[in-house]
Amino acid sequence: MIKRILIIGFGMMGKSHLYSFINSKHKYQISIYDKKNYSKIEISNYFNKVNFLKKFPKKKKYDCVIIATSSDIRFLLLKKILKFNKVNKVILEKFIFPKIVQYKKFAKFSENYKDLILKVNTWGDYLYRNLKLPKNIKNNNVKIFVPEGTLLSNTIHYLDFCFRKIQKIEINLNLKRIINSKRNSYHEALGKISINTSQKQISIQTSKNKNDKMVFLKGYRLILRFSQFTVFKKKKIIQRINFPYAFKKTEKDYLSLGKKNGSNYDKISFLSFEFLKKLKEFNKKKELKIT
């Protein structure tokens, strides 16, 4: 049976998700919805592969819905697609929702959808599973350096890497300055974030370097550059891991949903919620919005 896929949002991320399915050996019935009215020239390359919807779908059945919009409208779109359609699986982008109250509202709303399976598109768990370091090394204290302008938006990926399950964490913020994100109306920060548990200490801080870097114990370090994670032991390269772009992995994520380790929504929503709470305490005048 041909599986039915709906992608909401046809920007850069939406197209990347699409390529994962149209380049597959499997056959899919793919629909696209975007509030923007694309010209025939803009969508001509996809005419024979997807169905562009002019109206938001209602009374439809989808095996998987991918919401690849900005975070500020994701909550309303998720509620709307579930309310008016039958959906089995949903893949979301991070940051899942930008407001604390939306996590609480969706938890209550989703009680009516017991069979729904949710996945958040983060790469921390992928990196953890593919990183061939001794377990006691990658599970221990980690120092992480990220380029300026990416601290708030990238932290959830690294929390996904560092925490294998939902657990009590203590987040401390030492932010020097709140700045505007390169994405309009969103926020970023310069400074340092520390996350502590009874077993480990993690720090994530901004750096003027253009590459993400993770520093482990015993001389191990990892650098993200040129679409690849390169792992060193001291100065020797011991492993390379390709970056998991959506066009390479979205179909795999969809096929894994319902299996062991397939869904990560509970963990990512918990970590996101805790992070937003701490940001609200830090910046009481205005709730910061992360993309």
Side-chain angles (χ1 to χ4, degrees), residues 94-101 103-104 107 120 122-179 187-209 211-224 229 231-233 261 264-291:
K94 63 85 192 169
F95 216 84
I96 308 174
F97 309 127
K99 296 182 179 181
I100 292 173
V101 67
Y103 291 85
K104 298 177 181 179
V120 185
T122 57
W123 47 255
D125 180 68
Y126 164 88
L127 177 59
Y128 183 90
R129 287 185 285 104
N130 287 278
L131 185 59
K132 297 176 182 178
L133 292 185
K135 192 172 182 179
N136 65 317
I137 296 293
K138 62 181 178 180
N139 277 345
N140 216 307
N141 302 348
V142 184
K143 294 181 179 180
I144 301 163
F145 302 87
V146 299
E148 293 181 350
T150 67
L151 179 63
L152 300 187
S153 58
N154 275 351
T155 286
I156 195 63
H157 291 298
Y158 289 110
L159 293 180
D160 183 29
F161 174 90
C162 293
F163 296 101
R164 314 312 308 144
K165 59 184 180 180
I166 295 174
Q167 65 182 95
K168 185 177 180 180
I169 61 175
E170 177 186 340
I171 301 175
N172 296 298
L173 303 181
N174 184 15
L175 303 181
K176 299 177 181 178
R177 185 157 54 98
I178 302 298
I179 61 175
H187 300 99
E188 263 300 340
L190 304 178
K192 181 177 179 180
I193 299 169
S194 301
I195 305 99
N196 302 313
T197 71
S198 58
Q199 299 175 322
K200 66 175 73 174
Q201 290 79 46
I202 299 147
S203 67
I204 308 171
Q205 64 187 75
T206 51
S207 165
K208 292 190 179 296
N209 197 304
N211 303 312
D212 288 49
K213 181 169 73 172
M214 301 177 70
V215 179
F216 301 88
L217 299 175
K218 298 185 178 180
Y220 290 99
R221 58 193 173 93
L222 176 150
I223 295 177
L224 170 60
F229 298 100
V231 186
F232 299 82
K233 183 174 183 181
N261 298 325
N264 65 351
Y265 177 81
D266 288 344
K267 185 183 81 166
I268 300 301
S269 62
F270 168 79
L271 293 170
S272 302
F273 181 80
E274 293 298 310
F275 187 40
L276 286 177
K277 279 201 308 182
K278 185 56 66 171
L279 282 174
K280 189 173 182 178
E281 292 175 12
F282 174 83
N283 203 67
K284 295 179 180 179
K285 293 183 179 179
K286 184 177 182 181
E287 193 167 27
L288 300 179
K289 193 165 67 169
I290 309 173
T291 184

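Note that the numbering runs from 1 along the sequence shown for the chain.
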*Any donor-acceptor N/O pair, Ser203 side chain to Lys143 backbone, under 3.5 Å*: no
*Do the ring centers of Tyr158 and Trp123 come within less than 6.0 Å of each other?*
yes
*Any side-chain heavy-atom pair of Leu127 and His157 under 4.5 Å*: no
_Donor-acceptor pair, side chain of Lys267 and main chain of Phe163, under 3.5 angstrom_ = yes
*asked:* Side chains of Ser194 and Gln201 only: does a donor on one sit below 3.5 Å from an acceptor on the other?
replied: no
*Is NZ or CZ of Lys138 both nearer than 6.0 Å to the six-membered ring centre of Tyr220 and within 45° of the ring axis?*
no
*Hey, does the side chain of Lys200 reach the backbone of Cys162 with a donor-acceptor pair shorter than 3.5 angstrom?*
yes
*With side chains defined as the heavy atoms from C-beta onward, is the minimum distance between Ile268 and Lys94 less than 4.5 Å?*
no
*Taking side chain as C-beta onward, heavy atoms only, is Asn211 less than 4.5 Å from Leu224?*
no
*Side-chain heavy atoms of Glu188 within contact of Leu151, under 4.5 Å*: yes
*asked:* Can you confirm whether Ile169 sits close enough to Leu271 that some side-chain heavy atom of one is under 4.5 Å from a side-chain heavy atom of the other?
replied: yes
*Given side chains that start at C-beta, do those of Ile96 and Ile156 come closer than 4.5 Å, heavy atoms only?*
no
